[in-house]
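Below is one structure, written out as structure tokens, with a few remarks after it.
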Amino acid sequence: METNVLKKVDIIFDITDCDYLKILDRCMSKTQDEVILDIIDSGLKGRGGAGFPTGLKWKFTKNEDSDVKYVICNADEGEPGTFKDREILDRVPEKVFTGMAICGYAIGAKEGYIYLRGEYNFLKKNLQAKIDLFNKQTIEKNFDFTIFLRSGSGAYICGEESALFESMEGFRGEPRNKPPYPTIAGYNWKPTVINNVETLVYVSMICNLGPDKFKELGTKDSRGSKVFSVSGDTPNAGIYEIELGMPLEQFVDAFGDGDTKAVQVGGASGHCVPRKNFNDTIIGFEGIPTGGSMMIFNSSRSMYNVLHDYLEFFTEESCGQCTPCRVGCQQLLKGIEAVKKGDRKPSYLEELKKLALTMKSAAKCGLGQSVANPFNSIIDNFREEIIY
Amino acid sequence: MSSTALLIKDLVEKHGKNRNSLMPILQGIVQEERYLSEDAMINVAKELDLSTADVYGTASFYTFLDTVPRGKNIIRICKTISCHMKGKDEIIETVENMLKVKVGETSHDRNFTLLTANCLGWCHQGPVMLINDDIYPDLNPGKATSILEEYMKAH
Ligand SMILES: Cc1cc2nc3c(=O)[nH]c(=O)nc-3n(C[C@H](O)[C@H](O)[C@H](O)COP(=O)(O)O)c2cc1C
Ligand code: SF4
Ligand code: FES
């Protein structure tokens, strides 16, 4: 397998040679299809967690026959351990707007929305002022694309794309059945591209420097770099842009405190990797993909507490719409509590793991489907800590 | 017309008379009044030509759209894992002692409501709390105390 050494890069926050109006001009001198081909060619995959190829998403949406289409920037950033989108929107918002405008041009959308989580309301004033300026500048270019800012109200599930549309339409943030996918029926049931904040920044970077520059970074399956949010037991908590495809071992060498027991890759809904697997775990789409959350635990931490915290999180944030997730989350939580107290035999954990797998196949959306990731990986690797 | 009714009228005018404006309108009311009263929800329903149950249905889904009275200042302390590891329990205890309330309660003078929240997006600088829309990272009990004292002085 192709692997990289850990390499820090500086693309996302770098603002040298980044005249966003020129980037827009350059894009608009190309045809829509050429722009989409550049994005496909770059190999860019979504940075929000699911990792769908961005160029293909755009192509599907462009191919839909509709007068009204939308671009949505997903800034709901609620995954525990993730804080990079806030930093991006605070420091380089114009790059995000540019990515949205490029998308608008490529798919034929006239409106773009940023859905910002309510917890980031303090960013709104500044962001709105910058959006107003950007909108004025696109009008001056005779480019018909307007960006609007919308807010969430404290619901993690609204980061799920179809729940986000429901929320923007004034409904409870309950995920929809899929298909239809957003490329066909998204916001207001019109063809919609929804991308993560970071994805949109890479779009403007690819249009600025060309797809080849982006392709130089990363591996065959994981092109480019990615912004990681590092927290937990580390002397270097913070935000780092790193080339994709590195072994976790190197990450731990660079960020751990010398006593790292486990890393939770991808937030509460991600996987827990124990020390013995650091060496053969690749951070990227060929290994463990991540929206960027890296939580480091040292040997002083109880993995029971960690799992308990995650399960409380899911129990609270489940939208409650489907039974496997609504009841499943509660039962997993009660289940590990019962095993800990001795009310249930340790073998009950096997039943609980089966329940988590049932949720993976029967839950309606990614929230319920991914609870098995932390649950089974923590139970498998830290069984003693859960029982005793 | 009551002040709430006037506020709603303004918000409807600003955001438009359609369902897509429901969230911004409800958020605008909460911004001013800290919660959605029954009157407010009935009024919004009338203005947007929706059923009141529909408006309540949406409002009750969202943590930040409270439907019970809240204090003038809402404190939300992050309780998720990274902040847990960095000592959120001490912060909660400090604030509880200062305000003489437990999590979920509102102080007698109605100046403060104390709540916990899931990850606020500052995990590298935990523990952290939001007071209304303002964020306070890198907390320790002493720092939390002086921040709250400032808010208390302001009232
Ligand atoms: C429960 C849940 C929460 C999600 N939260 C976010 C989020 O906060 N930000 C985000 O970009 N994507 C989030 N997603 C993924 C989105 O549904 C969607 O895949 C993503 O915005 C697509 O953008 P991308 O292709 O650029 O990654 C979430 C998914 C689920 C199931
Ligand atoms: S899986 Fe959970 S969050 Fe998703 S729709 Fe079902 S209940 Fe709601
Ligand atoms: S865990 Fe507290 S801000 Fe993320």
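By convention in this document, chain letters (A, B, ...) are assigned in the order of the sequence lines, proteins followed by strands, and residues within each chain are numbered from 1.
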| query | Most heavy-atom pairs under 4.5 angstrom with chain B, which of A/Ser151, A/Gly118, A/Cys158, A/Gly81? | reply | A/Ser151

| Using a cut-off of under 4.5 Å for heavy-atom pairs, which of A/Ser293, A/Cys319, A/Pro80, A/Gly173 has the most such pairs with chain B? | A/Gly173

| message | Taking the ring of A/Phe228 and the ring of A/Phe255, is the distance between their centroids below 6.0 Å? | response | no

| said: Heavy-atom cut-off 4.5 Å, strictly under: side chain, backbone, both or neither for A/Gln264 against chain B? | reply: neither

| field | A/Tyr156 portion near chain B, given a 4.5 angstrom heavy-atom threshold | value | neither

| So does A/Glu87 pair up with A/Lys84, basic N to acidic O under 4.0 Å? | no

| request: Below 4.5 Å from any heavy atom of chain A, which atoms of B/Leu130 appear? Answer side chain, backbone, both or neither. | output: side chain

| Proximity breakdown for A/Glu169 and chain B, heavy-atom pairs closer than 4.5 Å | both

| task | Check whether A/Asn236 gets within reach of chain B through its side chain, its backbone, both or neither, counting any heavy atom under 4.5 Å. | result | neither

| task | Anything under 30° is parallel, anything over 60° is perpendicular, the rest tilted; go ahead and classify B/Tyr151 against B/Tyr136. | result | perpendicular

| message | When you measure from the side chain of A/Arg172 to the backbone of B/Gly57, do you find a donor-acceptor pair of N or O atoms at a distance under 3.5 Å? | response | yes

| task | Determine, for A/Glu111 against A/Lys190, whether the closest basic-nitrogen to carboxylate-oxygen distance falls under 4.0 angstrom. | result | no

| remark: Answer key: most heavy-atom pairs under 4.5 Å with chain B among A/Met295, A/His308, A/Arg150 is A/Arg150

| query | Which of the residues A/Ser153, A/Gly152, A/Ala237 is involved in the greatest number of heavy-atom pairs with chain B at under 4.5 angstrom? | reply | A/Ser153

| Checking heavy atoms, do the side chain of A/Val230, its backbone, both or neither come under 4.5 Å from chain B? | backbone

| said: Looking only at heavy atoms and a cut-off of under 4.5 Å, which of B/Thr80, B/Asn118, B/Leu50 has the most pairs with chain A? | reply: B/Asn118

| said: Over 60° means perpendicular and under 30° means parallel, so tell me whether A/Tyr187 and A/Phe165 are parallel, tilted or perpendicular. | reply: tilted

| By a 4.5 Å heavy-atom criterion (distance strictly below it), what part of A/Ile296 contacts chain B: side chain, backbone, both, or neither? | backbone

| said: Among A/Gly78, A/Ala155, A/Ser300, A/Ser167, which residue has the highest count of heavy-atom pairs closer than 4.5 Å to chain B? | reply: A/Ser167

| query | If you measure from the Lys or Arg side-chain nitrogens to the Asp or Glu carboxylate oxygens, is any gap between A/Arg117 and A/Asp85 under 4.0 Å? | reply | no

| request: Decide, yes or no, whether a salt bridge links B/Glu47 with B/Lys17 under the criterion of side-chain N to carboxylate O below 4.0 Å. | output: yes

| field | Heavy-atom contact with chain A under 4.5 Å, split by part of B/Lys86 | value | side chain

| task | Say whether, by atom type as modelled, one donor and one acceptor occur between the side chain of A/Ser302 and the main chain of A/Tyr304 under 3.5 angstrom. | result | yes

| task | Flag this pair as yes if the NZ/CZ of A/Arg86 is under 6.0 angstrom from the six-membered ring centre of A/Phe122 and inside a 45 degree cone about the axis; otherwise no. | result | no

| If you count heavy-atom pairs under 4.5 Å with chain A, which of B/Gln125, B/Met85, B/Lys79, B/Met23 comes out on top? | B/Met85

